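All remarks here apply to the structure that follows.
Because the structure is predicted, anything quoted here is derived from the model rather than measured. Hydrogens, waters and symmetry mates play no part in the numbers below; they use all other heavy atoms, side chains included.
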Amino acid sequence: SVHALLPHQSSKTTIADIAREANQALGCKHFNEGNTVNNLRERGNTATTTHAVALSDGLESGRFSTGNRLLISISGSGLSIGTALYQFGERNPLEATPKGTESSGATGYIDLRSSASPRTVVHSVSVLPQSATSDTLQSACAAVRGLPSGEADTRSELVLFSGVHRTDMIYEPAVAAMVAGRMGLNSQGAPARTLTFDILQGELGTLQACAVASTSGVRQTIVVSSEAPPPNTPSIKASASALLLRHAPAGSKTGFLAWA
């Protein structure tokens, strides 16, 4: 069964509507105020970072734990809609990987045509305080730097940026490329193997980036987002987040289970 519903945190009305529609799809009243995440009072609408922020808060408070299934839902403007089902494993993404148990750092693509293709898991999550998010590039890099134990190292083969509100309306070069360059990802040795690009899909951007990572075949991906809204958009709160995604061991039952 699904432990909790995590909708996009845009408004109280939207959150209630998503819960109602989810219940209609299930044919029962499974989701209610108790198991539907609503952090608007504490966080406000943080746009594309909303799910990472809520995920971080839920892990820190103990609301999400091993074995819990989380239904992630997005209903943005226009046709920006999406859903994913995620199951938590034993490892807490807020904690650093214990020394001696790190990944071997193997690179290269995974054959996704195999029926035993591994699932993608949120290995680490980093959320920046709202007071430190005045510049798109600086806050995005700070969020990546905040991943536990510097795990965003040279093994990150794919970097995706999903933010919408950008300082000085920067769209070229890709913010993801500037983040990778400033962070020095894959800067040691040759050839460099980090593919970078931005995904501009409104509130759906971060979830879309996770879906792209899951089907890309690369072993480690960074999905980073920062929101630096202009003064005339008070409904959007400044924020920044980074997700470090990795493929789980073959046969693992944790990670993203389904997309829609």
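- Both L59 and V37 are members of a single hydrophobic cluster when ILVMFWY side chains are connected at heavy-atom separations under 4.5 Å.
- A donor-acceptor pair under 3.5 Å is absent between the side-chain atoms of N39 and the main chain of E42, judged by distance alone.
- A 4.5 Å side-chain heavy-atom check between K253 and R119 finds at least one atom pair inside the cut-off.
- Not a single donor-acceptor pair under 3.5 Å links the side chain of T254 to the backbone N or O of Q87.
- Across R63 and G34, no two heavy atoms sit closer than the pair NH2-O, 3.2 Å.
- Counting only distance, with no hydrogens or angles, the side chain of Y86 and the backbone of A258 share no donor-acceptor pair below 3.5 Å.
- Using modelled atom types, one finds no donor on one side chain facing an acceptor on the other under 3.5 Å when comparing T66 with E90.
- Between the E227 side chain and the V164 main chain, a donor and an acceptor come within less than 3.5 Å of each other.
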Subject >> Evaluation steps, side-chain contact (heavy atoms from CB on, under 4.5 Å), between M183 and R145 >> reply: CA-CA 8 Å; M183 297 299 297; R145 201 175 293 116; 3.7 Å; yes
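- Contact of the S65 side chain with the N68 side chain is registered, since non-hydrogen atoms from C-beta on lie closer than 4.5 Å.
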**OP:** Given side-chain contact (heavy atoms from CB on, under 4.5 Å), test R246 with L244 step by step and report yes or no.
**Re:** CA-CA 7 Å; R246 286 181 179 173; L244 184 67; 4.3 Å; yes
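- In this structure, CD1 in I199 is found 11.5 Å from OG1 in T48, a value given to the nearest 0.5 Å.
- Judged purely by atom type and a 3.5 angstrom limit, S56 has no side-chain atom pairing as donor or acceptor with the backbone of V53.
- Taking CG of L55 as the start and OG1 of T49 as the end, the distance is 11.5 Å to the nearest 0.5 Å.
- Scanning both residues, S226 and S139, for their nearest heavy atoms gives CB-OG, 3.2 Å.
- With T14 contributing its side chain and S10 its backbone, the two residues share no donor-acceptor pair below 3.5 Å.
- For residues 5-26, the pairs satisfying salt bridge (Lys or Arg N to Asp or Glu O under 4.0 Å) are D17-R20, with sequence neighbours left out.
- Using a 4.5 Å cut-off on side-chain heavy atoms (C-beta onward), F88 and L70 make contact.
- Just one residue in the list T83, I18, N38 forms a side-chain contact (heavy atoms from CB on, under 4.5 Å) with P7, and that residue is I18.
- Put simply, the side chain of H51 gets close to the backbone of S73: a donor and an acceptor are under 3.5 Å apart.
- The two atoms that bring A180 and V159 nearest to each other are CB-CG2, 4.5 Å, heavy atoms only.
- G163 approaches L200 most closely through the heavy-atom pair O-CD1, 3.9 Å.
- Between F161 and R166, the closest side-chain pair of non-hydrogen atoms falls below 4.5 Å.
- Counted by atom type alone, E157 and T221 present zero donor-acceptor pairs between their side chains at under 3.5 Å.
- Hydrophobic clustering of Ile, Leu, Val, Met, Phe, Trp and Tyr side chains at less than 4.5 Å, counting indirect connections, unites L94 with L245.
- Between L40 atom CG and N45 atom CG the span is 7.0 Å, to the nearest 0.5 Å.
- A salt bridge links D57 with R43: the closest approach of a Lys/Arg side-chain nitrogen to an acidic carboxylate oxygen falls below 4.0 angstrom.
- A side-chain N or O of S214 and one of T120 form a donor-acceptor pair less than 3.5 Å apart.
- In this structure, the side chains of H30 and T36 stay at 4.5 Å or more apart for every pair of heavy atoms.
- No donor-acceptor pair under 3.5 Å is formed between the side chain of S156 and the backbone N or O of I222.
- Side chains of S162 and T206: a donor-acceptor N/O pair is present below 3.5 angstrom, by distance only.
- From H3, atom NE2 reaches atom CZ of F64 across 6.5 Å, with rounding to the nearest 0.5 Å.
- One N or O on the side chain of T215 and one on the backbone of V212 form a donor-acceptor pair closer than 3.5 Å.
- Judged by distance alone, the side chain of D198 and the main-chain N or O of A174 form no donor-acceptor pair under 3.5 Å.
- Hydrophobic clustering (ILVMFWY, side-chain heavy atoms < 4.5 Å, transitive): V2 and V121 are in distinct clusters.
- In this structure, the separation between OG1 on T167 and CG on L137 is 8.5 Å, given to the nearest 0.5 Å.
- When every heavy atom of A4 is checked against every heavy atom of F31, the shortest pair comes out as C-CE2, 4.0 Å.
- You'll find the side chain of V224 stays beyond 4.5 Å of the side chain of S241, heavy atoms only.
- The CD atom of Q9 sits 14.0 Å away from the NZ atom of K237 when rounded to the nearest 0.5 Å.
- In the hydrophobic clustering of this structure, V122 groups with L207; members are Ile, Leu, Val, Met, Phe, Trp, Tyr whose side-chain heavy atoms approach within less than 4.5 Å, directly or through other members.
- Linking Ile, Leu, Val, Met, Phe, Trp and Tyr whenever their side-chain heavy atoms come within less than 4.5 Å leaves F256 and L71 in two separate clusters.
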